Visitor: 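Following this message is one structure expressed as structure tokens.
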Amino acid sequence: MDLPSTSSQSTLQTIAVVGLGTMGTGIAEVLARAGREVVGIDISESATRRATASLAAATARSVARGRLTEEEREGVLARLRTYTELEAAAGADLVIEVVPEDYELKHRIFTELDAIVRPDAILATGTNALSVTRLAAESQRPERVLGLHFFNPAPAMKLVEVVSSVLTAPPAVEAVTALARELGKEPVSVGDRPGFVADGLLFGYLNQAAAMYESKYASREDIDAAMKLGCGLPMGPLALLDLIGVDTARTVLEAMYASSGDRLHAPAPILGHLAEAGLTGQKSGRGFYTYAEPGSSETVRDAQTPLEGARLGEGRPVSSVGVAGSGTMASGIAQVFAQAGYAVVLAARSQEKAEAAKAAIGKSLGRAVSKGRLTQEAADGTLARITPAGSLEAFAEVDLAVEAVAEDLAVKQELFATLDKVCKPGAVLATTTSSLPVIACARATSRPQDVIGMHFFNPAPAMKLVEVVRTVLTSDDVHATVRAVCTKVRKHPVDCGDRAGFIVNALLFPYLNNAIKMVEQHYAGIDDIDAAMKLGGGYPMGPFELLDVVGLDVSLAIEKVLHKEFREPGLAPSPLLEHLVAAGCLGRKTGRGFREYARR
């Protein structure tokens, strides 16, 4: 059979969209705005009316904002024609199916389309969970069937995943890829497996967040705040599940689990419980959160909403802070406390190292002054509040001691044993560990009730999040003290228990590990995966960009800790990551990781 040939201009001019829900309506709008003749098809006349009304409203807004003329708007509206019968697709060059995620429904539509469309027409499914290969194999012309996965909202989201099965003819892929580019989208070519790239990575992460919440490890608000503030994500995972639809997420995860057998893809039981109760998220008015009404994005208070201004009890007074360490994290934390008005003792292994760390803080403050973020007077005052010291003996009178030394348990335990001897009774002792057990640091002292985790994020002056990690022995007043201190230094505290990865790393690093496994399995390249997560998931950095920034050795160490604690086979570090670390390819700091970088 002949398929459309590719050229600088796509030959796909008349396009049918089957299914005029939110996604189908959005795709129809994108196509009509790009000059395509659009045949919108839905069995529901109310759905066709809503699609027409939606396009009219969207184009009216564009005219009001000066992005379209009235004449152009009329042209766009004229290019969308709606029908309730599949026969309307007879003259289409391309048919895009976006009906609900039900294989039998999609199969029935494809079977009917086989008898309706021209032999050279391309048939595309918008599924993100079902098998494109199976749909193709059961079609009369499997070579013309592929996946075309837009992201919601289609007019705004740039990513389009172009999904080939082993049966798909290359000209069909080339034709829809060219179309995607002409629509102003970024096409990424992927193979056929549930979730493809973006959702394949995203839904595993969402599933783990749901399981974390179900285990009562952290509140929904703290989980969402941690991932927004700690990773720069536009939405927290539980709010995103409500937006996507809890039932939809469960369907995608079931398909992923059936394909991978990875227990990390087995839907968290809470997803099934909510879906079966009809609590599917924003569309039903209640999911992980409660909403003003079905379809609303406005959350309202419910039984789980924290009371505003609720007191945790009286904390201990803190006027002076000791920071142990001389690296980037220690310097950043010392700057944070000094800028908030605390007297800070910055202790390192030698006076020279402590002086150098204070000098680094001076440079950081100087950059803030040059960018207009800080006055020179404020910078000078901050620096004056920092006293460098070459020994922990200088912590004798501090109210709060924060260690930010190497991520080595033996080193930290030795330091805490010293703090126990040096610091006055009642001083709060905090560790900034990101992966080691806080209780192991606490047990190195004679006062484990005074020990807590304060996990700052790098760079500490800029990042707003602090994970506050209580052990089973941490006293209530120590917890209240650290929460109050976080607020005073203008950080957002989130509470979590003492287990590997806390909130952010426990959710972030399995996602990064799964991205590496996609490359290892030759499913997709690093550029396509990075583009998919930035464009389709709203991530500020792609996983491989982030891995190279964090450091592959650091990433491997955290993944080993997570695997050791949770014993999940799916958390085992990727062999590719281990090979790169063994080869000394650690990311930007060595000039080579997943990518190569110019030496400075």
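What you see is a predicted model, and the numbers here were worked out from it, not measured in a lab.
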Visitor: Quick test of your reading of the model: are Arg220 and Asp242 salt-bridged, counting only N-O distances below 4.0 Å?
Guide: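 Asp242 and Arg220: not salt-bridged.
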Visitor: Heavy atoms, side chains only, cut-off 4.5 Å: are Asn207 and Leu264 in contact?
Guide: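 Side-chain contact under 4.5 Å: no.
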Visitor: For Ile386 versus Ala334, what's the shortest heavy-atom pair and its separation?
Guide: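 Answer, listing the atom of Ile386 first, then Ala334: CD1-O, 4.3 Å.
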Visitor: Compare all side-chain heavy atoms of Gln208 with those of Pro237 and state whether any distance is below 4.5 angstrom.
Guide: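 They are not in contact (no side-chain heavy atoms under 4.5 Å apart), so the answer is no.
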Visitor: Quick one, Ser215 with Arg499, criterion side chain to side chain contact (heavy atoms under 4.5 Å, CB included). Give me CA distance, side-chain angles, the key distance, then yes/no.
Guide: CA-CA 13 Å; Ser215 72; Arg499 74 180 196 188; 4.1 Å; yes
Visitor: Distance from Leu229 atom CG to Glu467 atom CD, nearest 0.5 Å?
Guide: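 Nearest 0.5 Å value for the CG-CD distance: 10.5 Å.
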Visitor: Which distance, rounded to the nearest 0.5 Å, do you find between the CZ of Arg373 and the CG of Leu365?
Guide: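 Here the rounded value is 12.5 Å.
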Visitor: Do you know the tightest heavy-atom contact between Gly204 and Met256?
Guide: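 The answer is N-CE, 4.4 Å.
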Visitor: For a 4.5 angstrom cut-off between non-hydrogen side-chain atoms, does Glu407 reach Lys412?
Guide: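 A side-chain contact under 4.5 Å exists here.
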Visitor: Going by atom types only, do Ser320 and Glu397 share a side-chain donor-acceptor pair under 3.5 Å?
Guide: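 No pair is found: no donor N or O on one side chain lies under 3.5 Å from an acceptor on the other.
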Visitor: Report yes if some heavy atom in the side chain of Gln304 is under 4.5 Å from a heavy atom in the side chain of Tyr289; otherwise report no.
Guide: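 Not in contact.
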Visitor: Please determine, by modelled atom types, if Ser574 and Asn513 share a side-chain donor-acceptor pair under 3.5 angstrom.
Guide: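 Checked: Ser574/Asn513 side chains show no N/O donor-acceptor pair below 3.5 Å.
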Visitor: Which value, rounded to the nearest 0.5 Å, describes the distance between Phe594 atom CZ and Asp530 atom CG?
Guide: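 Answer rounded to 0.5 Å: 10.0 Å.
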Visitor: Distance check, rounded to the nearest 0.5 Å: Glu221 atom CD versus Thr305 atom OG1?
Guide: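 It is 6.0 Å, given to the nearest 0.5 Å.
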Visitor: Please tell me if the side chains of Arg447 and Leu429 come closer than 4.5 Å, counting only heavy atoms from C-beta onward.
Guide: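 Yes; the side chains approach each other to less than 4.5 Å.
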Visitor: Of Asp495, Asp476, Asp477, which meets salt bridge (Lys or Arg N to Asp or Glu O under 4.0 Å) against Arg470?
Guide: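 Looking at Asp495, Asp476, Asp477, the match for Arg470 under the salt bridge (Lys or Arg N to Asp or Glu O under 4.0 Å) is Asp476.
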Visitor: I'd like to know if Asp262 pairs up with Lys517 as an ion pair, taking the criterion as any Lys NZ or Arg NE/NH1/NH2 lying under 4.0 Å from an Asp or Glu carboxylate oxygen.
Guide: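 Answer for the salt bridge query: no.
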Visitor: Mind listing the closest non-hydrogen atom pair of Glu403 and Thr432 along with its distance?
Guide: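 Where Glu403 meets Thr432 most closely, the heavy atoms are O-OG1, 2.9 Å.
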Visitor: Are Arg286 and Asp302 ion-paired here, with the side-chain N under 4.0 Å from a carboxylate O?
Guide: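 Looking at Arg286 and Asp302, the cut-off is not met.
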Visitor: With the side chain counted from C-beta on, respond yes when Met235 and Leu241 share a heavy-atom pair under 4.5 Å apart, and no when they do not.
Guide: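 No, side chains not in contact.
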Visitor: Measure across Val197 and Ala524 and return the closest heavy-atom pair with its distance rounded to 0.1 Å.
Guide: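 Reported closest heavy-atom pair: CG2-CB, 3.9 Å.
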Visitor: Are side-chain heavy atoms of Tyr205 and Leu233 found at a separation under 4.5 Å?
Guide: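 Yes - at least one pair of side-chain heavy atoms lies under 4.5 Å apart.
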Visitor: If only side-chain N and O atoms count, and only distance matters, is there a donor-acceptor pair under 3.5 Å linking Asp498 with Thr471?
Guide: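 Distance-only check fails for Thr471 and Asp498.
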Visitor: So, are Asp399 and Lys424 salt-bridged, with charged N and O less than 4.0 Å apart?
Guide: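 A salt bridge links Asp399 with Lys424.
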Visitor: Working to the nearest 0.5 Å, report the span between OG of Ser219 and CG of Asp224.
Guide: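 Going from OG on Ser219 over to CG on Asp224, the span is 8.5 Å.
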Visitor: Could you work out, with side chain to side chain donor-acceptor pair (under 3.5 Å) as the rule, every residue matching Tyr257, not counting sequence neighbours?
Guide: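 Listed in chain order: nothing, the list is empty.
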Visitor: Within the 4.5 Å heavy-atom criterion, are Leu202 and Leu240 side-chain neighbours or not?
Guide: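 Yes; the side chains approach each other to less than 4.5 Å.
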Visitor: Between Leu274 and Gly287, which heavy-atom pair has the shortest distance, and what is it?
Guide: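 In terms of heavy atoms, the two residues are closest at CD2-O, 4.1 Å.
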Visitor: Can you confirm whether Arg385 is buried at CZ, in the sense that more than 12 heavy atoms of other residues, nucleotides or ligands lie under 6.0 Å from that atom?
Guide: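 Count over threshold, so yes.
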Visitor: What's the separation between atom CZ in Arg316 and atom CG in Leu400, rounded to the nearest 0.5 Å?
Guide: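 Answer rounded to 0.5 Å: 10.5 Å.
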Visitor: Checking Ala500 now: which residues fulfil side chain to side chain contact (heavy atoms under 4.5 Å, CB included) with it, not counting sequence neighbours?
Guide: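 Per chain and number, Ala500 pairs via side chain to side chain contact (heavy atoms under 4.5 Å, CB included) with Val561, Leu562, Glu565, Phe566.
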Visitor: What's the verdict on side chain to side chain contact (heavy atoms under 4.5 Å, CB included) for Leu307 and Arg301, showing C-alpha distance, side-chain angles and the deciding distance?
Guide: CA-CA 9 Å; Leu307 293 172; Arg301 292 188 58 82; 3.5 Å; yes
